[in-house]
Amino acid sequence: MRIAEILHNKGSAVTTARPDLDIRALLALLAEHNIGAVVVSPDGRRIAGIVSERDIVRALYRHGAALLDSPVSRIMSTDVRTCAPEDHVEGLRRIMTDHRVRHLPVVSGGELVGIVSIGDVVKSAISELATEREQLVEYLQGGY
């Protein structure tokens, strides 16, 4: 399965935040959209960074509640791993596991076109296994 299939099934909408947005507003954005990470972008197309719930918790632990009024750019990860719509999900599983990331922006032609989470990857793996199971059952029932 390719990343494009995941985006086709879940949609390509990506919640983004400008680098100057304060962290308090970022928390509201995460809660409002029920998501675990936001792509930081000055224009909704180019990626400046990414901020996850984990990034926020760690930063709050280190800097305290005063951090809430700081800009997102203060805590965002700028070394953002990405994938392309034509990439295979299997490769994405490896990237997420090896680099311990749970969200990967999808980029095509240098622009943000979607985001894939570890949940999306697990869901696709379950779907593939169910399809394989159905095919095996059909084969066994038809072959004997």
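As the structure is a prediction and not an experimental result, all values here were calculated from the model. Scope of the values below: all heavy atoms of this structure, side chains included, with no hydrogens, waters or symmetry mates.
- Nearest heavy atoms, Gly49 versus Met76: CA-SD, 4.0 Å.
- Cluster annotation: Ile75 and Val39 are assigned to distinct hydrophobic clusters (Ile/Leu/Val/Met/Phe/Trp/Tyr, side-chain heavy-atom contacts under 4.5 Å, transitive).
- Closest heavy-atom contact between Ala65 and Leu60: CA-CD2, 4.2 Å.
- Both Val72 and Leu68 are part of a single hydrophobic cluster, where members link through side-chain heavy atoms under 4.5 Å apart.
- Between Val113 and the options Pro85, Pro105, Ser12, a side chain to side chain contact (heavy atoms under 4.5 Å, CB included) holds for only Pro85.
- The number of heavy-atom neighbours closer than 6.0 Å to CZ of Arg93, taken from other residues, nucleotides and ligands shown, is above 12.
- Taking the side chain as every heavy atom from C-beta outward, Lys10 and Lys123 never approach each other to under 4.5 Å.
- Under the 4.5 Å side-chain heavy-atom criterion for grouping Ile, Leu, Val, Met, Phe, Trp and Tyr, Ile50 is not connected to Val40 through any hydrophobic cluster.
- When all heavy atoms of Leu104 and Arg81 are compared, the pair lying nearest together is CD2-O, 2.9 Å.
- No single ILVMFWY cluster, assembled from side-chain heavy atoms under 4.5 Å apart, contains both Ile47 and Val38.
- Across every non-hydrogen atom of Pro42 and Ala48, the tightest pair is CD-CB, 4.2 Å.
- Nearest heavy-atom pair, Arg74 versus Ser70, reported as atom, atom and distance to 0.1 Å: NH1-OG, 3.0 Å.
- Put simply, the side chain of Ser77 never gets that close to the backbone of Asp79: no donor and acceptor are under 3.5 Å apart.
- The pair Arg18-Asp20 counts as a salt bridge, with a side-chain nitrogen and a carboxylate oxygen less than 4.0 angstrom apart.
- The neighbour count for His8 NE2, taken as heavy atoms of other residues, nucleotides or ligands under 6.0 Å away, does not exceed 12.
- Ile6 and Ile118 fall within a single hydrophobic cluster, where Ile, Leu, Val, Met, Phe, Trp and Tyr side chains are chained together by heavy-atom contacts under 4.5 Å.
- Partner of Val106 under the side chain to side chain contact (heavy atoms under 4.5 Å, CB included) criterion, out of Ile115, Thr82, Val116: Val116 alone.
- A salt bridge is absent between Glu5 and Arg2; no separation between the charged side-chain nitrogens and carboxylate oxygens falls under 4.0 Å.
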